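Reading through the structure tokens given below for one structure.
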Amino acid sequence: AGWSDSAYMTPDGLTIYFAYTPYQFAFFSSDFHNPPITGPERVGHHKGYYSYAPNTRTMWLDNDIYMAMRTSVTSKFGTPVNMSFNTHQADACGMMSADDLEFYYQRDDGGNADIYVVKRTAPLAAWSAPEKLSSAINSASHETNPHISKDKLKLYFTSDRSGGYG
């Protein structure tokens, strides 16, 4: 039941991050604005919460980012863990910085996807509160799929803002 999406594997192959929602819905429903949605209740989450972006016909469900680790590239991944910064919004498409101290991801803010970052002082330390990136990155359009360069000086992302080719 449900679906997983937006997997990101760390360069060492030992950790994978991915978005997951237990909900199922019909993308091609006759009424796209009100698709049939089913799934279990989750504490702190809204069953069937979704937002719809009419300009891109994109649906965002109440998905969360999870992480699973393994001890070697030949071993199996352990049980996925829900990341502590998830909300009832649609959190997805995350990428860890090369130094393992910043995690960039997208969150739907009620119909508009923006890029956020959480930080920590050391690997395995607690995450900071999520910070929405500035208006130099986020706009009134959708900003999604962030990828941070190894030196953290460049952020690559997709957007449906005017002037693009997508």
Side-chain angles (χ1 to χ4, degrees), residues 1-23 39-47 49-51 53 58-161:
W3 56 265
S4 300
D5 190 29
S6 309
Y8 168 73
M9 178 88 66
T10 55
D12 63 10
L14 300 181
T15 306
I16 190 167
Y17 298 90
F18 61 95
Y20 171 77
T21 184
Y23 303 120
E41 288 289 342
R42 292 188 295 160
V43 175
H45 294 260
H46 304 289
K47 182 176 181 178
Y49 169 84
Y50 71 93
S51 61
T58 301
M59 301 232 24
W60 300 95
L61 288 175
D62 178 15
N63 47 284
D64 283 343
I65 299 172
Y66 286 78
M67 173 196 70
M69 298 176 75
R70 60 185 176 181
T71 56
S72 74
V73 295
T74 58
S75 63
K76 291 183 178 184
F77 283 100
T79 302
V81 176
N82 189 306
M83 302 295 283
S84 63
F85 51 81
N86 287 307
T87 66
H88 73 278
Q89 304 277 353
D91 300 304
C93 301
M95 181 183 177
M96 182 69 72
S97 62
D99 62 7
D100 205 32
L101 300 179
E102 296 178 0
F103 189 81
Y104 293 81
Y105 66 103
Q106 73 185 48
R107 173 179 289 166
D108 181 304
D109 290 332
N112 183 37
D114 285 316
I115 298 175
Y116 284 74
V117 64
V118 288
K119 300 176 183 180
R120 58 187 176 187
T121 56
L124 305 180
W127 291 108
S128 67
E131 298 173 38
K132 185 175 180 177
L133 298 188
S134 74
S135 61
I137 301 295
N138 291 314
S139 71
S141 299
H142 288 75
E143 284 71 42
T144 60
N145 300 298
H147 288 77
I148 191 72
S149 63
K150 188 174 183 178
D151 60 8
K152 296 196 277 189
L153 296 177
K154 296 181 196 85
L155 179 70
Y156 300 91
F157 60 96
T158 59
S159 178
D160 62 357
R161 64 180 75 181

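If you read the sequence from its start, that first residue is 1, and numbering goes on from there. Treat the numbers as computed from the prediction; the structure is a model and nothing was measured.
Remark: side-chain polar atoms of Ser141 are not paired, donor with acceptor, to backbone N or O of Ser159 under 3.5 angstrom. Looking at Asn138, its side chain does come within 3.5 Å of a backbone N or O of Ile115 through a donor-acceptor pair. No donor-acceptor distance shorter than 3.5 angstrom exists from the side chain of Asp100 to the backbone of Met96, with no hydrogens or angles considered. Checked by atom type and distance alone, the side chain of Asp160 pairs as donor or acceptor with a backbone atom of His142 at under 3.5 Å. With Arg70 contributing its side chain and Gly13 its backbone, the two residues share a donor-acceptor pair below 3.5 Å. In terms of modelled atom types and a separation under 3.5 Å, the side chain of Asn63 and the main chain of Tyr20 share no donor-acceptor contact.
Here the closest heavy-atom approach between residue Thr87 and residue Asp64 is recorded as O-OD1, 3.5 Å. Pairing each heavy atom of Phe77 with each of Leu14, the nearest pair is CE2-O, 3.8 Å. Val117 and Lys119 make their closest contact through CG1-CE, 4.1 Å (heavy atoms, listed as atom of the first residue, atom of the second, distance). For Asp114 against Ser139, the heavy-atom pair with the smallest separation is OD1-O, 3.7 Å. For the pair Pro146 and Leu155, the tightest heavy-atom approach, listed with the atom from each and the gap, is CB-CD1, 4.0 Å.
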Exercise. Ile148 and Ser97: side-chain contact (heavy atoms from CB on, under 4.5 Å), yes or no, with the steps?
Worked result: CA-CA 6 Å; Ile148 191 72; Ser97 62; 4.1 Å; yes
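In this structure, the side chains of Lys132 and Arg107 stay at 4.5 Å or more apart for every pair of heavy atoms. Side-chain contact between Tyr66 and Asn82 is present, with at least one heavy-atom pair separated by less than 4.5 Å.
Taking CD from Gln106 and CG from Leu133, the interatomic distance works out to 12.0 Å, rounded to the nearest 0.5 Å. Distance check, rounded to the nearest 0.5 Å: CE of Met95 to OG of Ser6 gives 13.5 Å. In this structure, the separation between CZ on Arg120 and CZ on Phe85 is 9.0 Å, given to the nearest 0.5 Å. Taking CD of Glu143 as the reference point, atom CD1 of Ile137 lies at 8.5 Å (rounded to 0.5 Å). How far OG of Ser128 is from CG of Leu101: 11.0 Å, rounded to the nearest 0.5 Å. Remark: Tyr105 OH to Thr144 OG1 distance equals 14.5 Å, nearest 0.5 Å.
For Tyr17, the ring pair (Phe, Tyr, Trp, His ring centres under 6.0 Å) criterion is met by Phe103, not counting sequence neighbours.
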